[in-house]
Amino acid sequence: FPPLAVFQVENVKLLDRYANRKAANGTLYLTATHLIYVDASAEVRKETWILHHHICSVEKLPLSTAGYPLLIHCKNFHVAHFVLGQERECHDVFTSLLKLSQPVKPEDLYAFSYNPKMSKENREIGWKIIDLKLDYQRMGIPNDYWEITDLNKDYEVCSTYPPEIVVPRAATKAVVMGSSKFRSRGRIPVLSYFSKENNAALCRCSQPLAGFSARCPEDERMLQAIREANPGSPFMYVVDTRPKLNAMANRAAGKGYENEDNYENIRFKFIGIENIHVMRNSLQKLLEVCEMKSPSMSDFLTGLENSGWLRHIKAVMDAGLFLAKAVREEKASVLVHCSDGWDRTAQVCSLAGLLLDPFYRTFKGFMVLIEKEWIAMGHKFSHRCGHLDGDPKEVSPVFTQFVECVWQLMQQFPCSFEFNERFLLEIHDHVYSCQFGNFLGTCHKEREDLKIFEKTHSLWPFLLERKQELRNPLYKGFTAYKELQPNTLPFSFQFWCGMYNRFDKGMHPKQCVLDHLLSCRSQRVKLEEDASELENKLPFLDGPLPSELPSFPKAGHAASKALDTPEDYGGGAPPVLSNGTPLGAGGAAVDQEHQENLCPHSQDLGDSMELLECAGKDGNAQHQ
Amino acid sequence: MLRSSQPLTGPNRKRCREDEALLGTILDEGERGFIIDTRSAQAAKQARMTGGGTEPKSSYSQWRRLHRPMERGRPLQESFIKLVEACNDPSLSMDRWLGRLESSRWLSHVKAALSTACLAAQCVDREESNVLVHGAEGTDTTLLVTALAQVILDPSCRTLAGFQGLLEREWIEAGHPFHLRCARSASSHARLKQEAPLFLLFLDCVWQLSRQFPFSLEFGEHLLLTLFDNAYASAYGTFLCNSEKERSLCKVKESTHSLWAWLNQPEEKHKFLNPLYSHNALVIWPSVEPQSIQLWQGLFLRWIRPSQHLDEAWEEIQRLVKEN
């Protein structure tokens, strides 16, 4: 372990959700960055790593017969239930975790101390892998109607936009500046995605400061410029992703939405995605459902319904689908906003990009999409993900919902994405881990001020290096599918067990098809050929390439003893045998014979947690 | 593992020495056995009023009775109909969909069936005890439990040939009344008293197992869908009638073709095989947590949503595995 173990506690139990199973017994270590639990009781040493930054809450539960319980909830939905032997120890761990998990200053974040073995040049190259200008070039911009302007290079237009934004050529500086005064937080309409085939543009902004009757000629000219940049279409959509009631309420505060009468040839539409507070509460309820011990099917489905979570996911997906259809089928430009244009707007614009353009379904493309629509365009990661000790009302699973929408698409279109579910989970973990600089702060300007690009590492090269395990073995290539048209009827949405019950290993399929397919040799060869073909096509600066292919563990799906352990099937109190032991998974006679040993089953979904945590350490991967 | 129908204890608590002796021969001196009754304790007790009942403790002292109520008959058919109607309603909001999925209770029945089958399997595999399974008639939930338990326990039942043998043994020869149970399916307005989708419930449970253990069944979803289709309407005689006696009277074997003969032809067989299959000698214990049980989209949404992308994915899997 890293030498700076703050302290260690012996005789700590780690309980799992099945009360009958024998609890692991081991040692708890606290280091500067992680909590590490080492299970000494199993035949094979098993480590559980939790990053302090991932810890969302720590609670001291009432004293039980087993000892002093400590319940830890993590932002990646890991729930760890420890029981310590002594009250003093429990209290010390509790107070330490509270402090370690709630950094106060940005400089306290892991990214500023994370130091893998990497040369200075490579670290810098890592930040250059994703260049948004190249994506605009790929779309054909600059062109006759659109240009990349540096009007915002000193953040004069908008402090939360990046220095380079794409606006219509027809928009003069006066129009841009005027519009910025009429938009909440100066977030003027800018280009998100341009469709070369039909000249239709997807643009984004924030709500206009229209109140009940205010007008702004520059803002009106801005929208006109956007519309006229698509001469093939007589009208342009303006989409407000808020529920109509909320948007109307904003008018009383001097903000609101566009009046169709004031803006020529726009078709206005509300889409009705709920706000960050509703989403925060919805996730809370969903997690309560996930944590229920042995619920009935009814309890689970009713809980799922009451949380509203899938309803919100569907709403986001429907919105993305609407935007994509407008661009692709109606060949009309669309301007999207919510309130501030950094939450719902980011979700729907990035989703629309995924549906429209197969490039964003590749590794590089997806990184570009996130860098563009989320990072550059000022989604407040720091606040939404609770990186620092701040306002809990600012925390909301906006990015989580987007990641889930991508996963839902992957279920409907299994061959259309270059990456697999693990890639999504890794990104999601790192949005919260603060191990890499990409997601720190709230906008580009803040990242410059914090000197992210000089002092921290970019996540992307690290993920690219692990393409072999993060790829989708069923991917049929860049040209196999153009646009995606998902079915958004309710039954099309599944509960994402791999995210919300990720660490409940018993719930997942006991055999992993993904690993088996990844190890299929022929696919690997084909992929290498495709990859080099793609590299040649795209003018991207590539990051460090994997120097050799990793060797794979044998797909030991059939023979692992770990499969051969029943769950608890009892519908009530388990019947008792003649020798007094209860019938069912919990019987002592059962356990002695077949220790529930979750670890040797290599590359199981649950092990990805350990892989993540190990990857966080200074270079060395330590498995059990 | 044994199966039967209910003992005809009746309201006067009749005894039957022969039945007691029969069950007595199965257990050794001092050995204990289990009886899994697929009716609730109350329903089993009420059955006495109509001449049925349960094994009284006093006369069957070596047997421990466990009740695991499972749905059958009319209520199960209603459950099936409700689910199909919900799937076919495009106007539903997400909340309404989840509400109707829940109130159909179909997935609850899947969970109950898997749990009970696992319990029976545990008796045999973990406790190394004999277990007797029965409900009322011994032709519905009884067969569901014993057949499913064997898929869980016995790797040979998971081969294509072994599974066919299991179906012949535990469903067809055992006397599941296919003609009555698989009459009209879910869309008919006729609400037939004897209709109930036990066999579909069994196939759904097998599908759940294939999802949780994708390498352990030699056959794939296509076989299960084919069996479902043929149970209701078939060019073959395999699922005709309600019992071996009826099949004999109707001269089914002489006058019709066997589904298995068709399935097992080389040109057909390969379509039913699971490309990921790898012999697994162990017992496959499924998780029955709600998160682990999913709606069988391949069946319930079969005609409702296009399957092109999923089919392409399967072809890709087959190609990958073959080339490997």
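Numbered from 1 within each chain, the chains take letters A, B, ... in sequence-line order. Side-chain atoms are counted along with the backbone in the values below, which use heavy atoms only and exclude waters and symmetry mates.
- With a 4.5 angstrom heavy-atom cutoff, A:Tyr500 does not touch chain B via any of its atoms.
- By the 4.5 Å heavy-atom criterion applied to side chains, A:Ser492 and B:Arg305 are not counted as neighbours.
- Separating the CG atom in A:Leu301 from the CG atom in B:Leu101 is a distance of 5.0 Å, to the nearest 0.5 Å.
- Counting heavy-atom pairs closer than 4.5 Å to chain A, the top residue among B:Arg105, B:Lys111, B:Glu312 is B:Glu312.
- Here OG of A:Ser296 is found 11.5 Å from CG of B:Leu107. Values are rounded to the nearest 0.5 Å.
- Between A:Arg311 and B:Met94, the shortest heavy-atom contact is N-CG, 3.5 Å.
- The choice from B:Ala313, B:Pro306, B:Ala86 that makes the most heavy-atom pairs within less than 4.5 Å of chain A is B:Ala313.
- Most heavy-atom pairs under 4.5 Å with chain A: of the set B:Ser108, B:Ala112, B:Ser307, B:Pro214, this distinction falls to B:Pro214.
- In this structure, A:Leu474 CG and B:Glu315 CD are separated by 11.5 Å, a value rounded to the nearest 0.5 Å.
- For the pair B:Glu289 and A:Pro295, the tightest heavy-atom approach, listed with the atom from each and the gap, is OE1-CD, 3.9 Å.
- Residue B:Gln294 touches chain A through its side chain alone, counting heavy-atom pairs closer than 4.5 Å.
- Annotation: side chain of A:Tyr481 is in contact with side chain of B:His309 (closest heavy-atom distance under 4.5 Å).
- For the atom pair NZ (A:Lys510) and CZ (B:Arg211), the distance works out to 10.5 Å, reported to the nearest 0.5 Å.
- To the nearest 0.5 Å, atom CZ of residue A:Phe495 and atom CG of residue B:Leu98 are 11.5 Å apart.
- When all heavy atoms of A:Phe491 and B:Leu301 are compared, the pair lying nearest together is CD1-CD1, 3.4 Å.
- The distance from atom CD of A:Gln412 to atom CD of B:Gln308, rounded to the nearest 0.5 Å, is 12.0 Å.
- Under the 4.5 Å side-chain criterion, counting only non-hydrogen atoms from C-beta, A:Glu305 is not in contact with B:Glu102.
- For the residue pair B:Asn280 and A:Gln511, the shortest heavy atom distance occurs at ND2-NE2, 3.6 Å.
- Side chains of B:Leu320 and A:Pro473 form a contact here, defined as non-hydrogen atoms less than 4.5 Å apart.
- At most 12 non-hydrogen atoms from other residues, nucleotides or ligands lie less than 6.0 angstrom from CZ of B:Arg96.
- Interface residue B:Ser93: only backbone heavy atoms are found under 4.5 Å from chain A.
- Contacts with chain A were tallied for B:Leu310, B:Ile317, B:Val321, B:Leu92; B:Ile317 has the most, counting heavy-atom pairs under 4.5 Å.
- With a threshold of 4.5 angstrom between heavy atoms, A:Leu304 approaches chain B through its backbone and through its side chain.
- Side-chain contact between B:Trp97 and A:Leu310 is absent, with no heavy atoms from C-beta onward closer than 4.5 Å.
- Below 30°, between 30° and 60°, or above 60°: for A:His516 and B:Phe215 the angle between ring planes is above 60°, a perpendicular geometry.
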